[in-house]
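Here, residue 1 is the first one in the sequence, and each next residue gets the next number. These figures come from a predicted structure and were not determined experimentally. Atoms within a ligand are numbered from 1 in the order they appear, just like the ligands themselves.
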Amino acid sequence: MKKHNFSAGPSVLPNEVLFEASKSIIELDNIGLSLIEISHRSKEFISIMEEATERVLEITKLKNKGYKAIFVQGGASMQFLMAAYNLLENKGAYINTGTWSSKAIKEAKLLGEVNEIASSADKNFNYIPKKYKIPVDAQYLHITTNNTIFGTQYKTFPKSPIPLIADMSSDIFSREIDFSKFDLFYAGAQKNIGPAGVTLVVIKEEILNRVSRNIPSMLDYSNYIQAGSMSNTPPVFAIYTTLLNLRWIEKNGGLKEIEKLNTAKAKLIYDEIDRNTCFEGFSDLNDRSIMNATFTLKNEKRKNEFDQIWMKNNINGLNGHRSVGGYRASIYNALKVESVEELIRCMKKFEKN
Ligand SMILES: *Cc1c(COP(=O)(O)O)cnc(C)c1O
């Protein structure tokens, strides 16, 4: 029996997606060959790539709006550098909401000035800063829409007079948002899209070619756009699995329906955290993430006791990140409501003991 997988990443994917993906390793769509033993320039793979980018633009409602979707390797971490490489001429503005934003800032500093216009470091990143001034002379504002480690999430986005770029690794396709507010967003696939090994980047083309530096081909967004993400061999299996997941999202009613399910799951878990006398939520009530619910024990000495309960009940991946401690329930798109209900039963059982 499969476990209830609350892992923060790589994380749970829909069973039917895993099933289809695994079939393709043996043989893709009755072509007599495995997906991973055919040329990426074969008509079969080109059609996978085209459908994947097409569906991304459909789901985000960015079709015919000057945007391109590309697939890049190197993880979201590579995008910390790549975004700056392509867009930062002399200054980038950043809002620091945790570990991942801090890493983005570190990379951007290699290329120019970084103006950290706001930070929630003063309270161990348990909230999203609301007050800041966006410098109009910076080339862009960078935010992290969902802070996987701390469990905070932007509910509204900055009204930015300069291009807005976002790391959406852990909440992409989890809710209906106006993607056209962003000029560039990226997401490592392994949280809510597919397996590790590929990163989705969506770019408004008009923001490119504004910097004076020479950009190495493998870091150049324009190169990926021109070559349809195939200037070298793309990670075919990760892209195919991503496509299967995009189909799954559309089959399940698109982002509108996915968001309903996700907010319902999040409400269940937060209601229990707030009700249960043994636990405490970590993040600010207004900024609570619908993807990663962070909470701690009121009495840390009882940690082992609670751990025994959830582990015995087939739950995986509940331990919090070391910078927060306690627990983190990652409740990505593919996690079923039954899994959340099982966790809540464990929390109630622990309270009773
Ligand atoms: C996991 C994560 C990353 C790092 O992703 P990699 O693909 O491992 O580089 C970056 N940002 C956020 C918000 C994440 O959750």
Query raised in the report: Is the backbone N or O of Ala293 less than 3.5 Å from a side-chain atom of Tyr327, with the two atoms forming a donor-acceptor pair by type?
Result: no
Query raised in the report: Do Asp171 and Gln153 have side-chain atoms, one donor and one acceptor, less than 3.5 Å apart?
Result: yes
Which protein N or O atoms sit under 3.5 Å from any N or O of ligand 1? Give atom names and distances.
from, atom 1, to, atom 2, distance (Å)
ligand 1, 7 (O), Ala76, N, 2.9
ligand 1, 7 (O), Gln190, NE2, 2.9
ligand 1, 8 (O), Gln190, NE2, 3.2
ligand 1, 9 (O), Ala76, N, 3.2
ligand 1, 9 (O), Ser77, N, 2.8
ligand 1, 9 (O), Ser77, OG, 2.6
ligand 1, 11 (N), Asp167, OD2, 2.6
ligand 1, 15 (O), Thr148, OG1, 2.4
ligand 1, 15 (O), Lys191, NZ, 2.6

Query raised in the report: So which pairs with a foot in residues 189-199 pass side-chain hydrogen bond (donor to acceptor under 3.5 Å, both in side chains), sequence neighbours left out?
Result: Asn192-Asn333
Query raised in the report: Pick one: which of Tyr94, Phe185, Phe182 meets ring-ring contact (aromatic ring centres under 6.0 Å, His included) with Tyr140?
Result: Tyr94
Report task. Write out all pairs satisfying ring-ring contact (aromatic ring centres under 6.0 Å, His included) with one or both partners inside residues 103-125, taking only residues at least two apart or from two chains. Result -> Phe125-Phe150
**Report entry** Partners passing ring-ring contact (aromatic ring centres under 6.0 Å, His included) against Phe71 (at least two apart in sequence or in another chain)
**Finding:** none
